[in-house]
Visitor: 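Can you read through this structure? Questions will come right after.
First listed ligand is number 1; within each ligand, the first listed atom is number 1. In this chain, residues are counted from 1 in sequence order.
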Amino acid sequence: MLPEIVLRQAQEAIWDLDGTGIGVLEHSHRGKAFGRVLDGAEAAVREVGGIGSDYAVLFVSGGATAHFARVPENFLGDRTADYCHTGVWSAKAMAEARRVGNVHVACSSEPDFATVPTTFAWSESPVYVHYTSNETIYGTEWVTPPPAPAPLVCDASSDIFSRPLPLANHGLIFAGAQKNLGPSGISLVIANKEFIKLGSVELPPLDRYETYAAERSLHNTPNTFGIWVIGAVCRWILSEGGLDAMAERNARKAKLLYDALDASKSWRAHATPGSRSNMNVTFRGPTPAREDELIKAAEARGMSGLRGHRSVGGLRASIYNAFPEDGVRALVALLHEHDA
Ligand code: PMP
């Protein structure tokens with residue numbers, strides 16, 4: 001869900017960008033009007049995230065999955081990268097990295113992926129440590145980043161800007177935009193400028209983070225509309241009080257739901273306290289039939305998208321930044337009614 005006000009601003013910008021008489025979908029990416037959009041979006045991302053000049057802010061076409069391969073292709077070489085295995089997304093990232101070179105699993109929350117790891121076995125000299133700050137499908141979240149002995153690479157696709165950004169020790173943070181930032185098919189990358197200098201120079205330009213940093217994401221035609229939306233969403237975050245306010249609001253919304261699940265006779269949260277996601281609340285019912293029943297009852301009240309991801313089943317309430325507290329309260333009421 002995106003903020004309603006941003007969707008209404010987008011309607012206007014598609015028709016007429018900033019009074020130019022030409023829509024954002026129509027302006028040249030090299031023109032002045034889009035130049036202002038790009039500058040504004042970068043400035044807003046920097047202000048929201050508290051991102052200084054030691055980090056580059058990059059707008060990269062394509063979703064988060066592309067970075068699963070791009071990161072090892074840039075940085076792995078003949079060294080070893082350590083991966084924190086917390087579910088579906090880290091598995092996909094590791095599969096891509098293994099095609100490139102050596103992967104060491106430094107920690108894992110297998111088999112049920114209900115808790116983020118607390119013990120670590122790092123390899124001798126990892127080139128980077130990859131983790132998924134929020135596991136979208138299992139519904140777990142790192143409260144603090146893993147205590148890594150190397151630059152962290154974070155897949156923040158599903159919790160970017162839902163709470164303060166822990167930049168320290170990070171070489172690179174990437175996030176597909178479609179949860180908290182904007183449309184699908186574009187990712188935001190926050191890259192330590194020294195770290196990306198280490199990237200392979202043999203790759204095609206669009207696979208090198210350095211290219212995006214050196215050419216301000218304009219090596220080729222970027223997803224101009226996606227950049228516009230990311231800028232507008234970041235300005236909305238600022239107008240709502242920034243990341244501290246988002247974190248407080250998100251924690252409050254999620255707590256309503258977890259408290260209801262913990263008190264319920266029939267429904268139980270999947271993730272364990274201390275590892276629970278404030279973005280994706282995953283839960284199960286006593287039987288698949290009861291789960292189907294709840295999903296149907298929810299749909300009858302206009303609540304959609306509650307079926308858990310096809311790979312794990314159960315239910316999942318995705319309550320990203322723009323999701324209203326009233327929506328959470330409506331689900332809590334429904335859980336009470338179906339708690340026989
Ligand atoms: N990582 C995480 C944590 C995700 O939640 C997702 C998408 N849900 C992805 C990666 C993949 O993103 P995309 O489909 O944009 O490639």
Side-chain angles (χ1 to χ4, degrees), residues 1-2 58-73 81 83-99 103 107-109 113-114 116-117 128-143 145-146 152-163 165-166 170 172-190 206-207 209 212 222-223 225-227 229-230 233 250 254 270-271 275-282 304-323:
M1 210 168 162
L2 290 173
L58 315 175
F59 300 99
V60 179
S61 294
T65 303
H67 301 282
F68 294 166
R70 200 177 269 135
V71 165
E73 280 166 354
Y83 277 70
C84 299
H85 185 24
T86 53
V88 173
W89 298 109
S90 57
K92 287 181 193 266
M94 286 192 289
E96 292 301 306
R98 284 192 180 109
R99 295 183 329 115
V103 166
C107 58
S108 165
S109 49
F113 298 111
V116 294
Y128 63 81
V129 172
H130 176 113
Y131 76 109
T132 313
S133 48
N134 182 75
E135 219 300 330
T136 325
I137 290 173
Y138 285 97
T140 60
E141 192 170 82
W142 292 84
V143 176
L152 285 161
V153 170
C154 176
D155 173 1
S157 296
S158 53
D159 69 334
I160 183 92
F161 292 173
S162 69
R163 51 180 173 159
L165 194 67
H170 281 76
L172 193 124
I173 298 173
F174 64 87
Q178 66 266 34
K179 315 293 189 206
N180 269 338
L181 296 178
S184 58
I186 178 170
S187 39
L188 174 67
V189 176
I190 300 161
L206 285 176
D207 288 339
Y209 293 103
Y212 294 85
N223 178 340
F225 180 62
I227 293 170
V229 179
I230 293 172
V233 168
N250 288 326
H270 173 70
S275 298
R276 288 175 167 177
S277 169
N278 285 344
M279 297 282 97
N280 313 100
V281 179
T282 49
S304 62
L306 279 166
R307 192 174 290 285
H309 191 271
R310 59 188 190 280
S311 56
V312 295
L315 291 96
R316 174 173 58 156
S318 286
I319 48 174
Y320 296 112
N321 278 352
F323 192 84

Visitor: Can you pull the salt bridge (charged side-chain N to carboxylate O under 4.0 Å, His left out) pairs that have at least one residue in residues 307-318, sequence neighbours excluded?
Guide: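 Matches after skipping sequence neighbours: D292-R307.
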Visitor: Between Y320 and N280, is any side-chain donor less than 3.5 angstrom from a side-chain acceptor?
Guide: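 Yes, side-chain donor-acceptor contact under 3.5 Å.
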Visitor: Going by the rule side-chain hydrogen bond (donor to acceptor under 3.5 Å, both in side chains), which residues pair with E96 if we only count those two or more places apart in sequence or in a different chain?
Guide: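 Partners of E96 under the side-chain hydrogen bond (donor to acceptor under 3.5 Å, both in side chains) test: R99.
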Visitor: Given S187, which partner from the list V60, L58, I160 fulfils the side-chain contact (heavy atoms from CB on, under 4.5 Å) test?
Guide: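 Going through the options one by one, the only one that passes is V60.
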Visitor: Taking side-chain hydrogen bond (donor to acceptor under 3.5 Å, both in side chains) as the definition, give me every residue that meets it alongside S158, ordered by chain and number, with sequence neighbours left out.
Guide: N134, T136
Visitor: Pairwise, report which nitrogen or oxygen atoms of ligand 1 are under 3.5 angstrom from protein nitrogen or oxygen atoms, and how far apart they are.
Guide:
unit_1: ligand 1; atom_1: 1 (N); unit_2: D155; atom_2: OD1; d: 3.4
unit_1: ligand 1; atom_1: 1 (N); unit_2: D155; atom_2: OD2; d: 2.6
unit_1: ligand 1; atom_1: 5 (O); unit_2: T136; atom_2: OG1; d: 2.5
unit_1: ligand 1; atom_1: 8 (N); unit_2: K179; atom_2: NZ; d: 2.9
unit_1: ligand 1; atom_1: 15 (O); unit_2: A64; atom_2: N; d: 3.2
unit_1: ligand 1; atom_1: 15 (O); unit_2: Q178; atom_2: NE2; d: 2.9
unit_1: ligand 1; atom_1: 16 (O); unit_2: A64; atom_2: N; d: 3.2
unit_1: ligand 1; atom_1: 16 (O); unit_2: T65; atom_2: N; d: 2.8
unit_1: ligand 1; atom_1: 16 (O); unit_2: T65; atom_2: OG1; d: 2.5

Visitor: Ignoring hydrogens and angles, tell me if any N or O in the side chain of N321 forms a donor-acceptor pair with the backbone of F161 under 3.5 Å.
Guide: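 Between the backbone of F161 and the side chain of N321 there is a qualifying donor-acceptor contact (under 3.5 Å).
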